Amino acid sequence: MINKNYDLLGEQLAESGLEMSLEPFITGALISGATSIIGGMFGSSQADKQNREADRLQKKQQEQLDKIADKTNEHSKKVFKVDRQNYANTRAFERETLIKNWQYQTEQQDFGYLSAIEQYGKSVQNTQDRLTYNSIAAMQAYESEQSALNDLFTEDAFSRQGMLVDQLQNEGKAALGQAGNSRTKALQSSIAALGRNSAIMDASLSSSVEQSQRNMQQIGLQRYAADLQANASMMIKPKKGPAIPLPMQAPERIFIEPMEVLPGQAAPARQQSTFAPILGGFISGAGQIGMGIANQAANNYQSPFGSGNWAMGGSQPYNPFTG
């Protein structure tokens, strides 16, 4: 069994011929050295603890950055998918709208053309009716004028017949009532009067015939002018317009998938040396112990050149380090 009171350091000093008491320098040095060593070990433990905490915080920060990158990429993919779907929906709606507008415009064009055809047909019918009316009106005017001319000829005939009767009566009277030259003169006078009257009637009849012809021509001109006006008021036959071109859409949009976001790198954890505090503690402790031993040895050393043992009440001891 090892004796707890065994002093290895004292035995070593005794064997070396430098036996000395552990008080007060050795004890203080040992305490200071042990304190430095313990402090170094504690500092190393604290540094290790701080290093582990720094590693934990770095790992936590990195996990947070990875999570942010994953969320960002997930959101970007959702936005990209929604954008493409919205574009597809909008494009389909635009195409449907374009087709409906094209169908409506085509129907409107057909409706307008059919309406124009109906109006044209009505205009043609009105023109034909107008021309028919002009023809009937002209025929009635011609008939009226011809009837007036016929009446004039009839009246002229009756007038001539009456003149001839009067002439015969006058000649008979002249033949019965007179003789010789007087009768001859009376007959000549009666014949001359008949000639004058006939010439007057001929001139009047000729003038009336000419006027009737002029009236006929005027009737023809009036009908021609009315026909021209009727034809001019008739609509021009409509033509169907060109077909409305089919609607066209703009080229499809090109989509580029979003670039994947890489997670950021957390700042490296600041690592403290765990060996430096221990090494510093041991060096400091060893120095303090060594200094304590040296001081104690110097205090207990008896020099053959000294005037006495300072510890035994002599004068100031000789210090081999200071002289």
Side-chain angles (χ1 to χ4, degrees), residues 105-244:
Q105 293 175 2
T106 302
E107 291 174 358
Q108 287 294 105
Q109 184 185 52
D110 294 340
F111 177 78
Y113 175 71
L114 293 177
S115 297
I117 288 294
E118 291 179 358
Q119 294 176 4
Y120 172 73
K122 185 65 175 177
S123 177
V124 171
Q125 183 63 42
N126 292 338
T127 302
Q128 293 296 333
D129 294 343
R130 186 64 182 177
L131 293 176
T132 302
Y133 171 80
N134 294 340
S135 177
I136 294 174
M139 290 177 61
Q140 289 179 350
Y142 283 135
E143 290 177 356
S144 178
E145 187 66 27
Q146 186 65 43
S147 177
L149 184 60
N150 292 336
D151 291 342
L152 182 62
F153 282 129
T154 301
E155 183 181 358
D156 181 75
F158 279 113
S159 296
R160 290 177 183 276
Q161 186 177 7
M163 288 174 57
L164 181 58
V165 172
D166 291 340
Q167 176 66 25
L168 293 175
Q169 289 178 353
N170 290 332
E171 289 179 355
K173 290 179 180 181
L176 293 175
Q178 298 178 359
N181 292 331
S182 297
R183 185 177 63 184
T184 301
K185 290 180 179 182
L187 290 174
Q188 290 177 348
S189 177
S190 177
I191 293 172
L194 179 62
R196 287 194 304 270
N197 291 333
S198 295
I200 292 172
M201 293 180 65
D202 289 340
S204 177
L205 180 61
S206 177
S207 177
S208 297
V209 171
E210 291 177 356
Q211 183 61 42
S212 178
Q213 291 176 349
R214 286 193 295 271
N215 291 340
M216 292 290 188
Q217 292 177 353
Q218 185 65 28
I219 292 172
L221 289 175
Q222 289 177 351
R223 177 188 176 182
Y224 179 71
D227 290 346
L228 288 178
Q229 185 177 3
N231 289 322
S233 63
M234 185 177 66
M235 289 179 55
I236 299 175
K237 185 176 182 180
K239 295 181 180 180
K240 190 174 183 179
I244 299 176

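What you see is a predicted model, and the numbers here were worked out from it, not measured in a lab. One-based numbering along the sequence shown. Excluded from the calculations below are hydrogen atoms, water molecules and symmetry mates; all remaining heavy atoms, backbone and side chain alike, are included.
Checked for salt-bridge contact, Arg130 and Asp227 miss the test: no charged N lies under 4.0 Å from a carboxylate O.
Arg214 places a side-chain heavy atom less than 4.5 Å from the side chain of Glu210.
A donor-acceptor contact shorter than 3.5 Å links the side chain of Ser115 to the backbone of Phe111. Between the side chain of Ser147 and the backbone N or O of Glu143 there is no donor-acceptor pair closer than 3.5 Å. A donor-acceptor pair under 3.5 Å is absent between the side-chain atoms of Gln146 and the main chain of Met216, judged by distance alone. Checked by atom type and distance alone, the side chain of Ser123 never pairs as donor or acceptor with a backbone atom of Gln119 at under 3.5 Å. Between the side chain of Thr154 and the backbone N or O of Asn150, at least one donor-acceptor pair lies under 3.5 Å. Side chain of Thr132 to backbone of Gln128: a donor-acceptor contact under 3.5 angstrom is found.
The minimum heavy-atom distance between Ile219 and Ala141, with the atom names listed, is CD1-CB, 3.2 Å.
Dense packing is recorded around CE of Met235, with more than 12 heavy atoms of other residues, nucleotides or ligands lying under 6.0 Å away. More than 12 non-hydrogen atoms from other residues, nucleotides or ligands lie less than 6.0 angstrom from CD of Gln105.
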Applying side-chain contact (heavy atoms from CB on, under 4.5 Å), run through Met234 and Val124 and close with a yes or a no.
CA-CA 6 Å; Met234 185 177 66; Val124 171; 3.7 Å; yes

Decide yes or no on side-chain contact (heavy atoms from CB on, under 4.5 Å) for Asp129 and Tyr133, but give the supporting numbers first.
CA-CA 6 Å; Asp129 294 343; Tyr133 171 80; over 6 Å; no

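Here the CG atom belonging to Leu149 is positioned 14.0 Å from the OH atom belonging to Tyr142, to the nearest 0.5 angstrom.
Partner Asn215 forms a side-chain hydrogen bond (donor to acceptor under 3.5 Å, both in side chains) with one of Gln218, Gln213, Gln217, Gln211 and no other, that one being Gln211.
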